[in-house]
Enquirer: 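Before anything else, here's the structure in question.
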Amino acid sequence: MSLRARLSFLYTSIVGGILLLFGVAIYSAIRVSLLNQIDTTLKNTASDIIANITVDENGELEVTSSPNLEFLADVFVQVWDRDNKLRFASQNIGNLNEAMDESSLQSTETQVKDIVLVTDFGNTHLRVLTVALVIGDRQIGAIQVGTSLAVVDTTQKSLLIVLILGLVVSMGIAGVASWVSTRQALAPLEDVTTTALQITRADDLSRRIPYQGPINDEVGQLIHAFNQTLSRLENLFHTQRRFLADVSHELRTPLTVIKGNVDLMRRIDTVDYESIDSIESEVDRLTRLVGDLMLLAQAESGKLPLAMHLIELDSLLLEVMQQMRVFARGKVQLKLGDIDQVLVCGDQDKLKQVLVNLISNAINYTPTDGEVVVGVGKIGERARITVRDNGPGIPEKDLPYIFDRFYRGEKSRTRPKQGKGFGLGLSIAYWIVRNHNGTIEVDSKLGEGSTFRVWLPLATDNCQEEGEIEGGT
Ligand code: ADP
């Protein structure tokens, strides 16, 4: 059964159930009220009659004067003596000689019963009150006062018809209304299904589900979440495509160079050492690329093996500075800024790689005679490494993307001199830092320079001294 049918059935059943309960309550209340009225009339009539009865010393009873029963044309009265002889009967009772309620005549208790009296003229539904006439502990007779229940029966019958009709009509209306309203409410879900199918068929992740309704109701939230998922999937899909294109591009260049050099040597039929050097450098480049890609793949999936140790960041920084000075010589001034003793828990080689990537970028992108200042310190509960340069800065439009894989700024791409990088350095640094539960951020102003900051948690007592653990993302 469809959700729509199930909901409609549920609503209709609830409406039906509630109306049924109300119906039963109204039906019972009206019956009780009508019978109470009748019982009061019967009791009053019985009292009137008792007031007109006399009893002689033998216990024989007699109705002395006929009570005024004219105003109660529908009330039938019988007075019976202790020998079950009829001593008085109201005129409207005709020639009925048996008791209206035979079974209650001998009872010493007051009884009220609904009976069906079978006469020559047909069946009559009566309510009969039997009052025992007792003197001391002697029963001297009984009075029976009865009245027809025709009005009550007719009223109840009509009420029952009205209630059943009302129930059927209301359930019909509730069924149709809920069928229509659930259709409206569920229509956006059909849109979700249609769009999902279109995406599958057309392989087009750019489609979104149109929705005009309020965004904060359940359906609005569902559609919003679905559209967000689609955007994310589209983004991932594009990133994947771009990644494949970037990798193919990066692989093709060195392979073309290698093939060209091999062809050249084959043509000249001799070993050309310049070509061999070129081939070697391209193979090194390819090896670096594959290594970087593997590291990124591990880091992005949170499976980067980290040999966690207590690391003195200041010593590590000094060590990297020592190496990078050779690299910076004659180009930029590599200076040591504020430096503090800082202990972190991390993988020495990986953190070294972060420093090398940041400092080599600063040296690479800063023009001759520029300045690169490196520092490390403690800020609150965290360690902060700073790499500041007064290079060209990073354009604002590039800033959100510089930590993406293969992203290279416009200038870096067009400058063959700096064509060594693959656009993976910052991405690798970002993921290594993240695997150390740290963050990396950049401040940059065009024409003034860039400052990269790496934040890492300070070492705690339980830093693993030996062995490898897996970093989390
Ligand atoms: P690569 O250096 O191989 O191009 P990176 O991932 O290390 O790749 O850097 C991404 C981009 O960020 C660079 O292409 C460059 O445009 C920009 N960038 C990084 N560091 C700096 C810096 N210190 N100054 C200016 N631009 C930078």
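Both counts, for ligands and for their atoms, begin at 1 and track the order of listing.
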Enquirer: So for atom CG, which belongs to Asn36, do other residues, nucleotides or ligands contribute more than 12 heavy atoms lying within a distance under 6.0 Å?
Expert: yes

Enquirer: Can you list the ligand 1 atoms lying under 4.0 Å from a non-hydrogen atom of Ile402?
Expert: 10 (C), 12 (O)

Enquirer: We want to know whether Thr270 and Asp272 form a side-chain donor-acceptor pair, criterion being a heavy-atom distance below 3.5 angstrom.
Expert: no

Enquirer: So between Thr451, Ile363, Ile394, whose heavy atom ends up nearest atom 26 (N) of ligand 1?
Expert: Ile394

Enquirer: Please list, in number order, the atoms of ligand 1 under 4.0 Å from a heavy atom of Arg408.
Expert: 1 (P), 3 (O), 4 (O), 14 (O)

Enquirer: I want to confirm something. Looking only at heavy atoms, which of Phe406, Tyr365, Tyr407, Tyr401 is nearest to atom 1 (P) of ligand 1?
Expert: Tyr365

Enquirer: Under 4.0 Å from a heavy atom of Ala362: which atoms of ligand 1 are those, numbered in the order shown and with their elements?
Expert: 23 (N)

Enquirer: Check for a donor-acceptor pair, side chain of Asn435 on one end and backbone N or O of Ala299 on the other, with a separation under 3.5 Å.
Expert: yes

Enquirer: Going by heavy-atom distance to atom 20 (N) of ligand 1, choose the closest among Leu399, Ile359, Asn361, Val372.
Expert: Asn361

Enquirer: Can you list the atoms of ligand 1 that are under 4.0 Å from a heavy atom of Phe452?
Expert: 20 (N), 23 (N)

Enquirer: Specify whether Phe452 and Phe403 have parallel, tilted or perpendicular ring planes, treating 30° as the upper limit for parallel and 60° as the lower limit for perpendicular.
Expert: perpendicular

Enquirer: For ligand 1, note which part of Phe422 has a heavy atom under 4.0 Å away: side chain, backbone, both or neither.
Expert: backbone

Enquirer: Show which atoms of ligand 1 fall inside a sub-4.0 Å distance from at least one heavy-atom site of Ser450.
Expert: 24 (N)

Enquirer: Can you name the closest pair of heavy atoms from Asn390 and Glu371 and give their distance?
Expert: OD1-N, 2.8 Å

Enquirer: Out of Gly423, Gly370, Pro395, indicate the one that has the non-hydrogen atom closest to atom 8 (O) of ligand 1.
Expert: Gly423

Enquirer: Is it true that the side chains of Tyr430 and Arg434 contain a donor and an acceptor less than 3.5 Å apart?
Expert: yes

Enquirer: How close do Leu343 and Glu312 get, heavy atom to heavy atom, and via which atoms?
Expert: CD2-CG, 3.5 Å

Enquirer: As an exercise, identify every atom of ligand 1 less than 4.0 angstrom from a heavy atom of Gly425.
Expert: 5 (P), 6 (O), 7 (O)

Enquirer: Which bit of Asn364 is near ligand 1, meaning a heavy atom under 4.0 Å away: side chain, backbone, both or neither?
Expert: neither

Enquirer: Could you tell me which non-hydrogen atom of Val262 sits nearest to which non-hydrogen atom of Ile279, and how far apart they are?
Expert: CG2-CD1, 3.9 Å

